[in-house]
Amino acid sequence: MPFWLWLAVLAVILGMLALDLFAHRRAHVIGVREAAAWSAVWVAIGVGFGAWVWWAHGAEFGQQYYAGYLIEKSLAVDNVFVWAIIFTYFAVPREYQHRVLFYGVLGALVLRGLFIAGGAALIANFGWVLYLFAAFLLWTGYRMLRQRDEHIDPARSRALRLFRRYVPMTDAYHGQRFLVRRAGVLVATPLLAVLVLVEVTDVIFAVDSIPAIFAVTDEPFLVFTANAFAILGLRAMYFLLADLVHRFVYLKTGLALVLIWVGVKMVLKVDLFYIPTTVSLAVIAAIIGTSVWLSLRATRGQGRRAVEAPAAPPFRRASEEELAEVEPFLRRRGNRTPASGS
């Protein structure tokens, strides 16, 4: 793909992020209707970009993009459920969750771009690395099948323990701030700790999803854009699906089967047999569609329900007195920024 096309796509992504930040510049609780509207917008953009790829570069590239987009979007649902557990355990106020996810997705775009560049370089110079990717996908799919009923335990997070050990931190949320000054000392708020944990979980998920997309396309441009347009809609997807975690009982099984399928496809395409992209796309769509249908059928009649919160969350909201005692991370020249600002 020409360099100008990469620049154009990056400009579109940055413009979309700026639009999203402007639309959510004031902290507020995002309801189901707003989340559904934004989800429709992000899906329409992702699908529309695939239609342009199909029109401009042919059916094969278009199908490869859609296969990668579907893989990433499906794996992202599991990521959404992990976020729901993290936010609930740490009692993150709902009106501040979008801010965490915005910067989390921004960091995910940068990190995944680096992973994709590294993966593409490895494949270009060492073809045998595809066998390692395939073996990893098969092992990950098998492990996911074995552990399909297990969930992340934020209380045992090593990343959080390391963060609290080396970074001075308050035990209370100070609005949307990640950093504050208390008695002249710069300290982190729990919101920054939660952001770090969200980034760490995305890195873990990227280790699974990026090799999976390389199984359906060798074109780095398609790998990156499929990732980017899929994860740009994760914030809206979270607010839409966070209270429906309990209904997707067979989704993890479906995701495991998808990883196993693309692992087998990667092994075969190295030296033996190339499975057409049309077949791969159909199989992936059938597995995900069936797992979602079976899940909703098995949990018919169950409504929205938040993830169960711990009896004593580790963090709390700061009181008005505590808010008045701290200063923002960035001081305004000539006067102090009011403590109640964001």
Side-chain angles (χ1 to χ4, degrees), residues 17 21 24 27 29-30 72 75-115 140 143-144 147 150-180 186-210 227 230-239 241-243 245 252 255 306-318 329 342:
L17 288 171
L21 186 61
H24 299 91
V29 176
I30 298 179
E72 181 58 41
L75 291 172
V77 177
D78 200 26
N79 207 349
V80 163
F81 295 164
V82 171
W83 290 348
I85 294 172
I86 292 173
F87 284 151
T88 301
Y89 178 83
F90 294 117
V92 180
R94 292 184 69 90
E95 61 268 30
Y96 305 147
Q97 292 176 4
H98 183 275
R99 185 177 179 86
V100 174
L101 295 181
F102 177 86
Y103 288 104
V105 167
L106 186 61
L109 285 171
V110 175
L111 292 174
R112 292 187 181 218
L114 295 175
F115 287 170
T140 302
R143 185 186 61 179
M144 189 178 289
Q147 302 174 352
E150 299 180 12
H151 302 285
I152 184 175
D153 184 1
R156 301 172 60 184
S157 169
R158 294 181 180 177
L160 181 64
R161 288 202 301 270
L162 289 173
F163 184 87
R164 301 189 75 170
R165 178 183 300 175
Y166 295 106
V167 180
M169 190 178 74
T170 69
D171 66 345
Y173 295 104
H174 289 68
Q176 293 193 91
R177 298 171 182 167
F178 293 114
L179 297 165
V180 295
L186 187 65
V187 294
T189 71
L191 212 60
L192 183 58
V194 173
L195 174 60
V196 169
L197 191 54
V198 166
E199 291 288 6
V200 170
T201 58
D202 183 76
V203 169
I204 295 172
F205 278 96
V207 171
D208 296 342
S209 64
I210 291 177
N227 259 274
I231 66 177
L232 279 172
L234 282 188
R235 299 178 303 285
M237 182 188 293
Y238 165 76
F239 292 106
L241 300 180
D243 294 339
V245 174
K252 207 160 190 176
L255 297 178
V307 176
E308 186 177 353
F315 304 129
R316 58 184 177 83
R317 285 178 182 261
F329 166 47
S342 60

Notebook entry, point to check: Among Phe81, Tyr96, Phe315, Tyr238, which one satisfies ring pair (Phe, Tyr, Trp, His ring centres under 6.0 Å) with Phe87?
Noted result: Tyr238

Check: Which atom pair, heavy atoms only, marks the closest approach of Ala159 to Val200?
Finding: CB-CG2, 3.9 Å

Note to self: Would you say that Asp202 contacts Leu111 through its side chain, given a criterion of any heavy-atom pair below 4.5 Å between the two side chains?
What the structure shows: no

Next item on the list: Enter the distance from Thr88:OG1 to Gln97:CD here, rounded to the nearest 0.5 Å.
Entry: 7.5 Å

Margin query: So Leu101 and Leu234, do their side chains get closer than 4.5 Å, heavy atoms only?
Written below: no

Notebook entry, point to check: Can you check whether Thr170 reaches Pro190 side chain to side chain, under 4.5 Å on heavy atoms?
Noted result: yes

Next item on the list: Evaluate side chain to side chain contact (heavy atoms under 4.5 Å, CB included) for Thr201 paired with Trp83, printing each intermediate quantity in order.
Entry: CA-CA 9 Å; Thr201 58; Trp83 290 348; 3.9 Å; yes

Item checked: Spacing of OG1 belonging to Thr189 relative to CD belonging to Gln176, to within rounding of 0.5 Å -> 10.5 Å

Margin query: Within the 4.5 Å heavy-atom criterion, are Leu17 and Leu109 side-chain neighbours or not?
Written below: yes

Next item on the list: Report yes if the side chains of Val203 and Phe115 come closer than 4.5 Å at any heavy-atom pair, otherwise no.
Entry: yes

Notebook entry, point to check: When rounded to the nearest 0.5 angstrom, what is the spacing between CG in Asn227 and CG in Leu75?
Noted result: 9.5 Å

Check: Rounded to the nearest 0.5 Å, what separation is found between the CE atom of Met144 and the NZ atom of Lys252?
Finding: 6.0 Å

Next item on the list: Measure across Val198 and Gly104 and return the closest heavy-atom pair with its distance rounded to 0.1 Å.
Entry: CG1-CA, 4.5 Å

Checklist line | Spacing of Glu199 atom CD and Leu106 atom CG [to the nearest 0.5 Å] | finding: 8.0 Å

Note to self: Within the structure provided, determine whether Leu192 and Phe163 are in side-chain contact (heavy-atom separation under 4.5 Å).
What the structure shows: yes

Next item on the list: May I ask you to test the Arg177-Leu191 pair for a side-chain heavy-atom distance under 4.5 Å?
Entry: no

Notebook entry, point to check: Of Tyr103, Tyr173, Phe102, which meets ring pair (Phe, Tyr, Trp, His ring centres under 6.0 Å) against Phe178?
Noted result: Tyr103

